[in-house]
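Structure record follows, encoded as structure tokens.
When reading the values below, keep in mind they use all heavy atoms of this one structure, side chains included, and skip hydrogens, waters and symmetry mates.
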Amino acid sequence: MHDSVLLITGASSGIGAATARAAAREGYKLILAARSKEKLTALAHELGPENVLACEVDVTNLEQQQAMVEHALETFGRLDAIFANAGRGGSPGGFSDADHEAWREMILTNIYGVGLTIQACLPALKRRKGHVLLTGSAAGRTTIPGSMYSATKWAVTGIGYNLREELRGTGMRVTLIEPGMVATPFFNEPPDYALEDRDIANAVVYALSQPAHVDVNEILIRPTPPV
């Protein structure tokens, strides 16, 4: 696993940052992408800048993503895995009253941005028979009244399934990471019971650490309800 190169979007906080820390402990070289340059720089300094490339990127911009991949290849010479993790929530109100502009930003990030990350990274990943991991959600596996966020995560589930079929026979792997409630900055107030971001990071590292003949298709992980 040492010297393998992993790219993480949405890396500046929450699940992305926790995964960066977990992967760094396993010896990965990292490309960390997010909109917050300040947070990325601090995280890169924490993890050791010699093994981390921090990229200020808007995942809804293909040119920025392509430039990130080119910079990664110039820096590390390869790309072994990506964790397309960037995402955002919407607004309350259901389909009747939610802020439609918040929908736009969420849909572009959660669906279009994931697609662009995959498209930008696939040529380099194919050369390494690499691994694509996507942050889906338990919300993409159930019906939530009025939730456009849930609909975007259903879309990510579909992206994972359809990408796996596109890549069948290439030696590449595709894993959907599907968390339930996680106590991250995603929520204004912490849920009553929730997973921690490092729990999801551990799931990502588990999927990455499997031998090449093992393809972990999905990890659906929810918090244990309180007694």
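- Cluster membership check: W103 does not share its hydrophobic cluster with Y112, using side-chain heavy-atom separations under 4.5 Å among Ile, Leu, Val, Met, Phe, Trp and Tyr.
- In this structure, A183 and A194 approach most closely via the heavy-atom pair N-CB, 3.8 Å.
- Within the 4.5 Å cutoff, no side-chain heavy atoms of V156 are placed close to those of T135.
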Salt bridge (Lys or Arg N to Asp or Glu O under 4.0 Å) between K153 and E178, intermediate numbers included:
CA-CA 9 Å; K153 289 304 183 178; E178 300 168 323; over 6 Å; no
*Under the side-chain contact (heavy atoms from CB on, under 4.5 Å) criterion, do T109 and V59 qualify, and how do the steps go?*
CA-CA 7 Å; T109 301; V59 294; 4.1 Å; yes
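- Taking OH of Y28 as the reference point, atom OG1 of T19 lies at 11.5 Å (rounded to 0.5 Å).
- Side chain of W154 to backbone of T142: a donor-acceptor contact under 3.5 angstrom is found.
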Side chains of residues 159-167: which donor-acceptor partners sit under 3.5 Å, not counting sequence neighbours?
from : atom 1 : to   : atom 2 : distance (Å)
Y161 : OH     : R141 : NH2    : 3.0
Y161 : OH     : E218 : OE2    : 2.5
N162 : ND2    : G158 : O      : 3.3
R164 : NE     : V174 : O      : 3.4
R164 : NH2    : V174 : O      : 2.9
R164 : NH2    : N217 : O      : 3.0
E165 : OE1    : R168 : NE     : 3.1
E165 : OE2    : R168 : NH2    : 2.6

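- Nearest heavy atoms, L40 versus C55: CD1-O, 3.3 Å.
- When all heavy atoms are compared, the tightest approach of A54 to A44 is CB-CB, 4.4 Å.
- Judged by distance alone, the side chains of N110 and T152 do bring a donor and an acceptor atom under 3.5 Å apart.
- Formation of a donor-acceptor pair under 3.5 Å by the R173 side chain with backbone atoms of Q210 is found in this model.
- In this structure, CG in L6 is found 10.0 Å from NE2 in H131, a value given to the nearest 0.5 Å.
- Atoms CG and CZ, from L7 and F83 in turn, are 11.5 Å apart once rounded to the nearest 0.5 Å.
- Minimum interatomic distance between V52 and F76 (heavy atoms only, all atoms of both residues): N-CZ, 4.2 Å.
- Both L195 and I219 are part of a single hydrophobic cluster, where members link through side-chain heavy atoms under 4.5 Å apart.
- By the rule that hydrophobic residues join a cluster once side-chain heavy atoms approach within less than 4.5 Å of another member, Y206 and I200 end up as members of one cluster.
- Here the CG atom belonging to N61 is positioned 11.5 Å from the CG atom belonging to L108, to the nearest 0.5 angstrom.
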When the side chains of residues 115-127 are checked against the rest of the protein, which donor-acceptor pairs come out under 3.5 Å, sequence neighbours left out?
from : atom 1 : to   : atom 2 : distance (Å)
T117 : OG1    : Q65  : OE1    : 2.9
T117 : OG1    : Q65  : NE2    : 3.0
T117 : OG1    : G113 : O      : 3.0

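- Of the possible donor and acceptor atoms, none in the side chain of N202 sits under 3.5 Å from a partner among the backbone N and O of D199.
- With rounding to the nearest 0.5 Å, the separation of CG in D215 from OG1 in T175 is 5.5 Å.
- No donor-acceptor pair under 3.5 Å is formed between the side chain of N85 and the backbone N or O of I8.
- Looking at every heavy atom in both residues, A23 comes nearest to L30 through CB-CD2, 3.9 Å.
- Linking ILVMFWY residues whenever their side-chain heavy atoms come closer than 4.5 Å, directly or via other members, leaves I144 and M148 in distinct clusters.
- By the 6.0 Å contact criterion, CZ on F95 is enclosed, its count of non-hydrogen atoms from other residues, nucleotides or ligands being greater than 12.
- Of the possible polar contacts, none joining the N51 side chain to the K29 backbone as a donor-acceptor pair under 3.5 Å is found.
- Heavy-atom minimum distance, M68 versus I31: CG-CG2, 4.0 Å.
- Taking CG of L32 as the start and CG of L53 as the end, the distance is 8.0 Å to the nearest 0.5 Å.
- Note on residues 30-43: pairs passing salt bridge (Lys or Arg N to Asp or Glu O under 4.0 Å), not counting sequence neighbours, are R35-D58.
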Check your understanding: Between R21 and L43, does a side-chain contact (heavy atoms from CB on, under 4.5 Å) hold up when you go through it step by step?
Key -> CA-CA 9 Å; R21 294 183 177 100; L43 182 58; 3.8 Å; yes
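- In terms of modelled atom types and a separation under 3.5 Å, the side chain of T9 and the main chain of A33 share no donor-acceptor contact.
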